[in-house]
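What follows is one structure encoded as structure tokens, with my remarks underneath.
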Amino acid sequence: MSARHERAVAFTLNGRRVGATVATHETILEVLQREFGLFGARESCGQGLCGCCTLLVNGTAVSGCLYFAAFADGAELTTVEGLAKNGELHPIQRAFVEKSGFQCGFCTPGFILMTKELLSRHPQPTEDEIRHYLSGNLCRCAAYPDIIAAVKRAAELMRA
Amino acid sequence: MKSFELVEPATIDEAVALLEPDDPGVRAIAGATALVPMMKARLFQPTRLVSLRRLDGALRGVHEHEGGLRLGALATLTELERSSRVRAVAPVMSRALRTLSNVRIRNVATLGGHLAHGDPHMDLPPVLMTLGARVRAVSRRGERWIDLNDLVLGYYQTTMAADELIAEVHVPAQPTGARTWYEKFTALSADDWPTVGVAVWYRTDAAGSDTTRPTVMTEARVAVSAATERPVRVPAAESALTGAAPDDATFRKAADAAADAVEPLADLRGSAAYKREMIRVHVRRALERAR
């Protein structure tokens, strides 16, 4: 691979300044796993449909499987690993535990990060807004009713 | 995916200079949400991608323009979905955006990429065709305006040259009382690509003081997408509507005309015969819901 096909990138990852050399065709999902050992965002469909690889780029949810790592240069990235502070789970994580908003947990990081974007825009979301935001996240265990209850509980905890 | 050269120009002039008129392996890229799946499937193996993400502000923003809209090609679909300006001029666009793919894709995908991709399943081309929109395309040779009706020539084929970029989209001011709707029919899951997309637009004459004269449609536009190899206007349906009253009988006549005129393609979402019937149903529904 020639130098033109590589890129040095620097970004903030869960509050820490980091850098990496990436191939132009690598997705941010691949780089998070290979360079930083972060597996919270994980590939499932590989087409942006299922939401398992969700991460926040400058506070906005994106599909990590479709997002070139080179495009993350200069951005602020948040993965599910960055939510807990000082050993305390984030209120959204607590709400998912409290309401059992999962079964196997494979899709849970994606749901939690979509919920984070939702609540940043709609602190008191209607059921319709919750469904609208989460319609692009698939849970093959079909824990959907508990996930929606968890999102409502998260909104309460975030306001408290 | 195979590796490729990635360049990130800072100006439009630099960007168009990096595109190649005769090399299909060189493409502009913005959000990348449509091209990455094609690259993963090895349907598209670029030698060079010209990223537009570092361009100056020229291609960004949602602006009001003479009562209509000027939409930067790099505006994300989320920006358009949330824009009060878009909602005021073209509420049919705001509604169509709500069910276009999902929040994450809309956060990243751009209007220019959505149109330049030439995929017949995209939701906005039929809507913009009925709104009378035009795109401004730029290249080393200068700029030109392309009517949305002339943009997509075939399956993933547009009239754009390989070294042309979409800079912006103009949606003209809409006449008072124009009625619009976009009907999206997904035959598989709710979040699938549409099996049939139908956009309709019509306006009626103002009955004024003469209440004995029935209201008739003075102009009508019907566009069908997804079932066809490219989004198409349907003149046979439009002439069935023009000069007639916007009533159930007229709408049925227009829906029949559309079903007869359009050539659907068979694929995993249904046979050509099935799609023809779905065009009949959804043209009628779109007209009813526009009323």
Side-chain angles (χ1 to χ4, degrees), chain A residues 1-7 9 22-30 41 43 45-75 110 113-118 121-122 128-138, chain B residues 1-8 18 25-27 29-55 74 76-79 81-82 94-95 97-110 113 186 188-193:
Chain A
M1 198 187 317
S2 80
R4 290 185 314 169
H5 294 204
E6 286 183 346
R7 188 59 53 99
V9 294
V22 303
T24 52
H25 66 281
E26 279 184 300
T27 64
I28 189 65
L29 179 68
E30 292 168 312
E43 181 148 330
C45 76
Q47 299 177 57
L49 304 174
C50 74
C52 290
C53 64
T54 301
L55 70 149
L56 304 182
V57 176
N58 299 326
T60 298
V62 311
S63 288
C65 74
L66 300 184
Y67 201 91
F68 285 130
F71 288 5
D73 187 43
L113 289 168
M114 282 311 293
T115 302
K116 192 158 191 303
E117 185 185 325
L118 164 68
R121 294 201 61 86
H122 304 282
D128 197 46
E129 281 161 348
I130 296 172
R131 287 169 176 269
H132 179 61
Y133 255 77
L134 300 185
S135 64
N137 288 66
L138 302 181
Chain B
M1 271 188 280
K2 288 192 166 180
S3 70
F4 49 84
E5 179 191 4
L6 178 68
V7 287
E8 301 190 297
L18 286 160
V26 177
R27 288 275 288 268
I29 194 160
T33 52
L35 284 184
V36 170
M38 293 180 83
M39 289 164 66
K40 287 185 177 183
R42 308 223 161 179
L43 293 169
F44 173 55
Q45 300 193 359
T47 52
R48 177 195 296 162
L49 290 181
V50 180
S51 163
L52 306 180
R53 71 183 197 101
R54 290 196 198 274
L55 287 192
L74 291 178
T76 65
L77 300 183
T78 293
E79 278 177 77
E81 179 190 2
R82 290 183 186 153
S94 310
R95 273 198 311 271
L97 283 156
R98 248 182 98 75
T99 57
L100 193 162
S101 190
N102 60 47
V103 171
R104 286 182 312 281
I105 299 293
R106 296 198 295 275
N107 280 346
V108 176
T110 65
T186 56
L188 304 177
S189 63
D191 61 347
D192 187 31
W193 293 97

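Reckoned from all heavy atoms, side chains included, excluding hydrogens, waters and symmetry mates. Quick note on labels: first sequence line is chain A, next is B, and so on, each numbered from 1. Here the structure is a predicted model, which is why all the values come from computation and not from measurement.
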Could you report the tightest heavy-atom contact between [X] and [Y], atom names first, then the distance?
| X | Y | value |
| --- | --- | --- |
| B/Arg98 | A/Asp128 | NH2-OD2, 3.7 Å |
| A/Ala70 | B/Leu6 | CB-CD2, 3.5 Å |
| A/Tyr133 | B/Arg82 | OH-NH2, 2.9 Å |
| B/Asn102 | A/Gly136 | CB-CA, 3.7 Å |
| A/Gly46 | B/Lys40 | O-NZ, 3.0 Å |

For this session: Could you tell me which portion of B/Ile29 (side chain, backbone, both or neither) has an atom closer than 4.5 angstrom to a non-hydrogen atom of chain A?
Result: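 When you check distances to chain A, only side chain atoms of B/Ile29 fall under 4.5 Å.
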Exercise. Of the options A/Leu113, A/Leu66, A/Asn137, which is the one that meets B/Arg104 in a side chain to side chain contact (heavy atoms under 4.5 Å, CB included)?
Worked result: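 Result: among A/Leu113, A/Leu66, A/Asn137, A/Asn137 is the only option passing the side chain to side chain contact (heavy atoms under 4.5 Å, CB included) with B/Arg104.
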Rounded to the nearest 0.5 Å, how far apart are [atom1] of [X] and [atom2] of [Y]?
| X | Y | atom1 | atom2 | answer |
| --- | --- | --- | --- | --- |
| A/Ser63 | B/Ile105 | OG | CD1 | 4.5 Å |
| B/Thr78 | A/Glu117 | OG1 | CD | 7.0 Å |
| B/Glu5 | A/Arg7 | CD | CZ | 9.0 Å |
| B/Arg48 | A/Thr24 | CZ | OG1 | 12.5 Å |

Seminar exercise, completed: By ring pair (Phe, Tyr, Trp, His ring centres under 6.0 Å), A/Phe71 pairs with (sequence neighbours left out) A/Phe68
Exercise. What residues of residues 50-58 of chain A sit under 4.5 Å from chain B when only non-hydrogen atoms are counted?
Worked result: A/Cys50, A/Gly51, A/Thr54
Exercise. Can you tell which of A/Leu134, A/Asp73, A/Leu118, A/Thr27 has the highest number of heavy-atom pairs within less than 4.5 Å of chain B?
Worked result: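 That would be A/Asp73.
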